[in-house]
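One-based numbering, in listed order, for ligands and for the atoms of each.
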Amino acid sequence: MAHIIDGKAIARTIRSEVAEQVRLIVNRNQRKPGLNLLLVGEDSASNIYVRNKSKDCEQVGIASVVQRLPADVTEEQVLDIIEQWNADKNVDGILVQLPLPRHIDEHRVIRTIDPLKDVDGFHPISAGNLMIGIDGFIPCTPAGVLELLKRSNIDPSGMHAVVVGRSNIVGKPLSMLLAQKRPQGNATVTICHTGTKDLIEYTRSADLLVAAIGRAQAITREHVKEGAVVIDVGINRIPTPSGDAMVGDVDYASVFDVVSAITPVPGGVGPMTRAMLLTNTLRAYHGLQK
Ligand code: NDP
């Protein structure tokens, strides 16, 4: 029977730690940390994400401002707002909800964010810092996975970690972090993707298996080694007779008896991603010094 890594509970603990930090700041009569969020267009999933992020801020005492813009806003107008926020001392973190409408160059927008306010960790400077092992902003999902492992006393050092997925926001940065010679790293890392021949051969040799694929229940019992730690990043909706259900990239029921620890979906990595945005905002407030 696997140990269920309870991301919801760990995220709750992190939120209360952030709330305590903010309370100490306010008690010293200092300005609250502030996060500004930009949402362009009417995408309903993006709307929910932004609302939740803003609600999380409110809950821990971080001041959040949501700027909503119509889908036909120009790229220059978006860049102007970011420049204003870059210059605003009350704004510690800037988050642009992705994806943006096709006529707006996402990379240009991200590059315009002050790297010291880049709480999503998507700026090329943040990516570069991560690559060479300098403290900077780590994208929230990989940061959340490392924090889950740390708080579950799972040390990747010496493990064979197999990360399935090589996206810029999850697979690639997480692989890099797990390979680094530092706490929560020092693993031997294999990155798998659609070009991988015989995926099972790799996943079955994983002590730590991370699925960041975006394919519902693609990782099944035959993919996992007995005693492996499985981190399921995936969020997929599948139809069931009683309506849509949210499932991960791992077939949870089929691997549960084989693995030593596993994150559920929902309630695993998802809540941690949200919690790490709060810790990144607090770090931005402190100028990355904490
Ligand atoms: P992307 O679609 O950007 O990347 C998916 C990766 O998986 C790609 O590298 C792709 O390979 C690889 N892949 C796809 N199919 C296969 C396959 N059959 N075998 C091997 N590799 C495969 O997704 P994201 O990284 O953005 O997200 C991954 C999942 O995580 C999604 O379900 C997403 O919803 C979820 N997610 C969850 C978050 C959370 O907070 N829990 C946050 C962010 C994402 P290739 O590069 O060759 O195309």
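Within ligand 1, counting atoms from 1 as listed, the ones closer than 4.0 Å to a heavy atom of Gly234 are 29 (C), 30 (O), 32 (O), 35 (C). Taking every non-hydrogen atom of Ile169 and a distance limit under 4.0 Å, the qualifying atoms of ligand 1 come out as 26 (O). Ligand 1 places these atoms under 4.0 Å from at least one heavy atom of Gly214: 28 (C), 29 (C), 31 (C), 32 (O). Residue-ligand proximity, Gly270 to ligand 1, at heavy-atom distances under 4.0 Å covers atoms 40 (O), 41 (N). Taking every non-hydrogen atom of Val164 and a distance limit under 4.0 Å, the qualifying atoms of ligand 1 come out as 20 (C), 21 (N). Residue Val170 has at least one heavy-atom neighbour below 4.0 Å for each of these atoms of ligand 1: 25 (O), 43 (C). In the vicinity of Asn236, heavy-atom distances shorter than 4.0 Å reach the ligand 1 atoms 32 (O).
A donor-acceptor contact under 3.5 angstrom links the side chains of Ser64 and Ser54, judged on distance only.
Between the choices Arg166, Arg215, Met272, the shortest heavy-atom distance to atom 46 (O) of ligand 1 belongs to Arg166. Counting only non-hydrogen atoms, the option in Val247, Thr194, Asn168 that gets closest to atom 48 (O) of ligand 1 is Thr194.
Distance from atom 1 (P) of ligand 1 to its nearest protein heavy atom, with residue and atom name: Ser167 CB, 4.1 Å. For atom 42 (C) of ligand 1, the closest heavy atom belonging to the protein is Thr141 OG1, 3.2 Å. Regarding atom 37 (C) of ligand 1, its nearest protein heavy-atom neighbour is Val233 O, 3.0 Å. Remark: minimum distance from atom 5 (C) of ligand 1 to any protein heavy atom is reached at Ile213 O, 3.2 Å. In terms of protein heavy atoms, atom 34 (O) of ligand 1 is closest to Ile235 O, 3.4 Å.
Using a 4.5 Å cut-off on side-chain heavy atoms (C-beta onward), Phe122 and Asn168 make no contact. In this structure the side chain of Arg68 reaches within 4.5 angstrom of the side chain of Asn47, judged on heavy atoms. Side-chain atoms of Asp56 and Leu277, non-hydrogen and from C-beta on, never get closer than 4.5 Å to each other. Taking 4.5 Å as the limit, every side-chain heavy atom of Leu38 sits out of range of all side-chain heavy atoms of Val109. For the pair Lys117 and Phe137, the minimum side-chain heavy-atom distance is 4.5 Å or more. Contact annotation: the side chain of Val247 never approaches that of Tyr252 to less than 4.5 Å [non-hydrogen atoms, C-beta and beyond].
Within the structure, ligand 1 has Ala212 among the residues with a heavy atom less than 4.0 angstrom away. Ligand 1 lies out of reach of Ala218, whose nearest heavy atom is not under 4.0 Å from it.
Ion pairing of Glu58 with Lys55 is absent here, as no side-chain N (NZ or NE/NH1/NH2) approaches a carboxylate O to less than 4.0 Å. Electrostatic pairing of Arg182 and Asp135 counts as a salt bridge here, judged by a charged N lying under 4.0 Å from a carboxylate O. Using a 4.0 Å cut-off between a side-chain N of Lys or Arg and a carboxylate O of Asp or Glu, Asp207 and Lys225 qualify as a salt bridge.
Contact annotation for Thr273 and ligand 1: only side-chain heavy atoms (C-beta onward) come within less than 4.0 Å of the ligand. At a 4.0 Å heavy-atom cut-off, ligand 1 does not touch Arg274 at all.
Shown here, atom 11 (O) of ligand 1 is in close reach of the protein: a heavy atom of it lies under 4.0 Å off.
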Point to revise | Full working for side-chain contact (heavy atoms from CB on, under 4.5 Å) between Ile48 and Val50 | key: CA-CA 5 Å; Ile48 293 169; Val50 167; over 6 Å; no
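Separation of atoms SG (Cys192) and CG (Leu199) is listed at 5.0 Å; rounding is to 0.5 Å.
Considering backbone and side-chain N/O atoms, Gly165 never comes within less than 3.5 Å of an N/O atom of ligand 1.
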